[in-house]
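Accompanying notes for the structure given below.
Bear in mind that the values here come from a model prediction, so they are computed numbers and not experimental data. Chain naming here is simple, since letters A, B, ... match the order of the sequence lines and numbering starts at 1 in each.
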Amino acid sequence: MPTKNYADAMLDVLRTAMEEDPSFVVMGNEVLGIGPEGAQFEPFQREYSERIYFPPCSEASFAALAAGAAMCGQRVFAHLGLAPFTYPAFSSIANEIASARTSSGGRLDVPVIMHMSHGLLHGGGGQHSETPMGMYWNLPGIEIVMPSGAREVKGLLRTAIRSDNPTLVVTHAFGYGATDDVPDEDYEIPFGVADLRREGNDVTLVACSAMVGVALEAAEQLAADGVGAEVIDLRTLVPLDEAAILASVAKTGHLVVVDEGRLRCGVASEIAATVSERGFDSLRAPIARVARLDVPVSASAIHEAHISPSAEKIVAAAKGAVGAGAPAASGG
Amino acid sequence: MPTKNYADAMLDVLRTAMEEDPSFVVMGNEVLGIGPEGAQFEPFQREYSERIYFPPCSEASFAALAAGAAMCGQRVFAHLGLAPFTYPAFSSIANEIASARTSSGGRLDVPVIMHMSHGLLHGGGGQHSETPMGMYWNLPGIEIVMPSGAREVKGLLRTAIRSDNPTLVVTHAFGYGATDDVPDEDYEIPFGVADLRREGNDVTLVACSAMVGVALEAAEQLAADGVGAEVIDLRTLVPLDEAAILASVAKTGHLVVVDEGRLRCGVASEIAATVSERGFDSLRAPIARVARLDVPVSASAIHEAHISPSAEKIVAAAKGAVGAGAPAASGG
Amino acid sequence: MAERWDKADRTRLLERMLTIRRFEEAVDRLFHEQAFFAHYHLYIGQEATGVAVMEALGPDDRLATHHRNHGHVIARGSDPSLALAEILGRDTGLNHGCAGTLHMSDPDLGFISTSAIVGGSISLATGAGFALKQADGDAVAVGLFGDGALEEGVSFESLNMAALYSLPVVYVCENNSPGALGSAGGGFPTSVSAVKDLTDIPRTFGIPVETVDGRRFDEVHELAARAVDHCRRREGPYFIHAVTDRWAGSQPLWPEMTTGETEIARAYDEAAIEGEHADWFRDHDPVLIYARELLASGDLSRDELAELDARVTARIAEASEFALAGSPPAPESVNDYVFA
Amino acid sequence: MAERWDKADRTRLLERMLTIRRFEEAVDRLFHEQAFFAHYHLYIGQEATGVAVMEALGPDDRLATHHRNHGHVIARGSDPSLALAEILGRDTGLNHGCAGTLHMSDPDLGFISTSAIVGGSISLATGAGFALKQADGDAVAVGLFGDGALEEGVSFESLNMAALYSLPVVYVCENNSPGALGSAGGGFPTSVSAVKDLTDIPRTFGIPVETVDGRRFDEVHELAARAVDHCRRREGPYFIHAVTDRWAGSQPLWPEMTTGETEIARAYDEAAIEGEHADWFRDHDPVLIYARELLASGDLSRDELAELDARVTARIAEASEFALAGSPPAPESVNDYVFA
Ligand SMILES: Cc1ncc(C[n+]2csc(CCOP(=O)(O)OP(=O)(O)O)c2C)c(N)n1
Ligand SMILES: Cc1ncc(C[n+]2csc(CCOP(=O)(O)OP(=O)(O)O)c2C)c(N)n1
Ligand SMILES: [Mg+2]
Ligand SMILES: [Mg+2]
């Protein structure tokens, strides 16, 4: 299978969409990030120059423009930039896009595709390093997609473009160059189906986006210490595959939720709350969240490391959970 | 003690601030809501007309203006309107205000007071009925204050105005007329100290803002059925009084979290996650969240009722929790 | 342009305006009868603008309206029964009761989402224009909004984008707060702008703009037709600044029928015009202004006018009955409307 | 105005500009030596504007700068050692390493929060102006930003508010993208605006505005002094549009020292100016332009210029050493900076 990075994977899908839908448009600056992968955009840009727009630095109107076009049936792939640059567009997203279908009584679809980059932009500080998925998940009405690798980027973005709902596709700001074995052909990954990336009997690690890789790394380390970790890649937050999480916790009895976003009211909080409601009887120990600490991001690399999840922190949390609970039925 | 409504309580504090700080300014339209209490503003407005501003419908710049002034030491009470009207200002709040002190390395304080109204604005639909505290809590760097009654409005707003940090004071859109016994004199309610509003042995009900009243109502009904409910008013989300919650759950073994905000990544999620981490051993049954359902708000009163927490839903959740768990040590 | 309309046309147009007026009066009445509860905004005083703009449009054009939407929806031709049922939150309404007064829309007639966020309709209409330009055909987008919308940053951004991409968007600013311009009066009924003339704003972006007397159907229609034509020819956006005095009933935050329900006799009987609001009825009420024109031109006799009014009144009474008879939506139905 | 400056003044001013240049060169060098990692923006080519604006200010004035802030901080008089340590993320830096390149600020010299969100500095400076107007005294606020900031809605809103409330804010738009105006070239180094002349934007709000050649210290200073005076006299905001060609090294998203480090001999030795960027060195480099003026007026000899450059170079070498010697902050210290 060919090796592709996120940028290749995105371009595969955008190219297909351009070919099959003559009204499909790509709008945004630095669609493939501000790193070297940005250059991969150029041939695509030349080929489809008439349907690629570089909008002004006007995120609010540009997101609304994409939504208004979507309400008329056109699909615009709107790259809003880094997550913090979506904040000027927050009213367009929260007020205009998320509730439009409900407000119309189901008479109006809004098949807009919004894309943004999240995560620690090393040295970016408080305004360039957001992982605001907790905020967006608090907002019903938008499908939220968080691919963990290039293969997922391709399959999930494809599904997003075909969805008749507003989708928020979130890739990692430092992931555009990350590679994977990615088929050349077109394929979809369905929304709402988590991916069991590794099986284990002792503890469940739930993660999404770049944290899946970190969780897998932690699982390796845990295995070396005799702890069997199961790793679940959520792939989409909305819809959420609750069943997969609950089934795994039913098996392992222990849960560590990993999230690059901030602790309070974040993705980890929601997974923890859901399991504490619906999987309580499976739990043999406290749930542990390994998430960004509850402070703004400083530009210091030392601070960045201090506040961010890491394999080491996950290992410690998993060992804490497993140690605290009743011994697992079958050692990992 | 005199009876005052929220509007009176707010005016008490704003008046004191005007008197003691010659640079204090009030800025906003419909500071006391769009109901009849708005009229209470008029004498205040006449008295301090030089320091009351009715800004344009420009939430983004108006929030940033208040913050920029605060960075120069001036205190502006900025009423941003209904919660959804804070979304156009989201970048100002999230990008400019929340992280400014951290980005300065602690060299710059931002003592801005932001005020907004949250909650179901009956018939207001998807753009006028937001309780977005989950979103704001996901954003470190802002103190978040959610008074449950006029007495709390007065004491907490007073503390907010004196705080050297950015504060977000959130009152209920339909609460301005709600009355309480409120002292005439000046007093502060400290941040981070929850209020145990009712004692009980069987189940802990955690709530904030208007949901405290609803939880108390539920507690009455539960008492009639022999279930002793303890009701905790969080009063501030940031800082959070975790100790009070954990102590109560340690006593009751059962937790129902009530929140008018949306389920996913909301306040209820965070409380549930915190207890599932730090109070797990006290829990004798699954935690239950009674929050707004995970759908946008429709303008229909029937839909509004369907998706919102109510005393009945709390009672059912509490009975479910108590019934599901081991029998309480001492019956309520 | 006046010769463009024959008697039937003009009667139809007056009927449309009067339908809006009687509809809005019914909304107010039903609110005070507690048939619904919500903060609502009436279109009284702006009927000529809405009807004229809609008359200039074709069936494929797309529209985005705002919190003061009732008149736009009726002017475009939506069934008043369905519209009133919507405001009353009935399942039989245009949007199954989910929209209420603030978000009512009629997608079958080309409306996209109705935003009650000030500035929202400008931004969404810009997107509709983007899609229509990309598509074949000559359909145009229309964004309807108030003067207050020009205080929101997103509006400036959207005008810039429309100009940059030469989008076929007719921006219709219904300025019902001309007295407040430049002042900071406080509260909603005001535009708080340092701009001396709001038309300077589109002009900054190179968007052609014209001010028109929003009370006068013919003038608004003439301009709207020109603007629509400009957009159909794909010559870029156009900005209409339609100015009306604010109807006294919309001065307070919650509308009040300060002027009473409209007596159609005021169109011909000077004596019927009296009291505090005599000025408004004489010089500013666009429905009466148009009715007087029809009487003067002989298109309509007094009897015919009375008959027309009776017909409209009956139609709205029927709409009220329909609306009141409707059931609310099923509680769980809200789950069906979130995702396609 | 030129006679206002004596030899000592002019030498000091050149030294300041040269300090910025050498500082920025050091930043680039240290990045490529992997002494820090972050996306950074250099002020090369705009030194005359920054130094001229700061020279027009007093100690009580407040400032808000943006992502291209290094030059502003140095021009205002911050210690280059502390500034460089900040960019390198050291605890010894101006902001204990929390700000890095994007958010560096020096509150003791009047800087409020440095926003790297396009439009942020306009909005925050407006608030500073609000506070200063309310306070006694005649201090003014300064907002420093690029042409791209005039694409963000919040900027329009802020200009409107400043005009409405007649706030003492000097807006300084450093337009380093004049060629891109009106086009949609893509990427950052561009202003994507339908506005034909960016000065039309403040003019729409009735804000006095003037365009100036950002390469020329005297011209910028003369205008800045007038603008500051206007604000001190509480006559409302003022808008400076300072235009410079974009320095080639800032064309790409990540800066590149395409022009090489500045050879001071280019100030007097035509022969030293060659290659692809000869144009820029001859006509656009504000530091060389000012140095040539001093040589021409006799304020400085070639030797004195070389000496000055050596002094500045040594100062920056010392700053680099200081910065590199600093330790990073303690990991937990981040918790101390969140709340007062
Ligand atoms: C973003 C936002 N801020 C504030 C409001 C509250 N609000 C509702 S209507 C209104 C005034 C609108 O004035 P204008 O646009 O002139 O419309 P009009 O009501 O006069 O027709 C305001 C401020 C809102 N709906 N949205
Ligand atoms: C809200 C927001 N959107 C996008 C960006 C990304 N960005 C960083 S610099 C820049 C261009 C700024 O251009 P200009 O204001 O002219 O400043 P210059 O870099 O040319 O000095 C952009 C778009 C941002 N920082 N903030
Ligand atoms: Mg108006
Ligand atoms: Mg620029």
* **Contacting region of Asp109(A) [heavy-atom separation from chain C under 4.5 Å]** => side chain
* Asked: Taking atom types as modelled and ignoring hydrogens, do the side chains of His41(C) and Thr101(C) form a donor-acceptor contact shorter than 3.5 angstrom?
  -> no
* Asked: Pick from Pro166(A), Gly106(A), Ser103(A), Ala63(A): which one has the most heavy-atom pairs with chain C under 4.5 Å?
  -> Ser103(A)
* For Leu168(A), the option from Met146(A), Met133(A), Glu143(A) that meets side-chain contact (heavy atoms from CB on, under 4.5 Å) -> Met133(A)
* **Heavy-atom pair with the smallest gap, counting every atom of Leu109(C) and Arg76(C)** => O-NE, 2.7 Å
* To do: Under 4.5 Å, counting heavy-atom pairs only, tell me which of Glu50(A), Arg107(A), Glu96(A) racks up the most with chain C.
  => Arg107(A)
* Give, as side chain, backbone, both or neither, the part of Asp336(C) having an atom under 4.5 angstrom from any heavy atom of chain A. => backbone
* Which answer fits Leu94(C), side chain, backbone, both or neither, if we ask what part of it has an atom under 4.5 Å from a heavy atom of chain A? -> both
* To do: Could you check which of Ala67(A), Ser58(A), Ala66(A), Pro22(A) has the highest count of heavy-atom pairs closer than 4.5 Å to chain C?
  => Ser58(A)
* Asked: Between Gly141(A), Pro111(A), Ser99(A), which has the largest tally of heavy atom pairs under 4.5 Å with chain C?
  -> Gly141(A)
* Please flag which part of Val238(A) lies under 4.5 Å from any non-hydrogen atom of chain C: side chain, backbone, both or neither. => side chain
* To do: For Glu270(A) and Cys265(A), indicate whether the former's side chain and the latter's backbone hold a donor-acceptor pair under 3.5 Å.
  => no
* Asked: Which bit of Val76(A) comes within less than 4.5 Å of chain C, counting heavy atoms only: side chain, backbone, both or neither?
  -> side chain
* To do: Kindly compute the distance separating OG1 (Thr65(C)) from NE2 (His72(C)), expressed to the nearest 0.5 Å.
  => 5.0 Å
* Asked: Any luck finding a side-chain donor-acceptor pair between Glu24(C) and Tyr40(C) under 3.5 Å?
  -> no
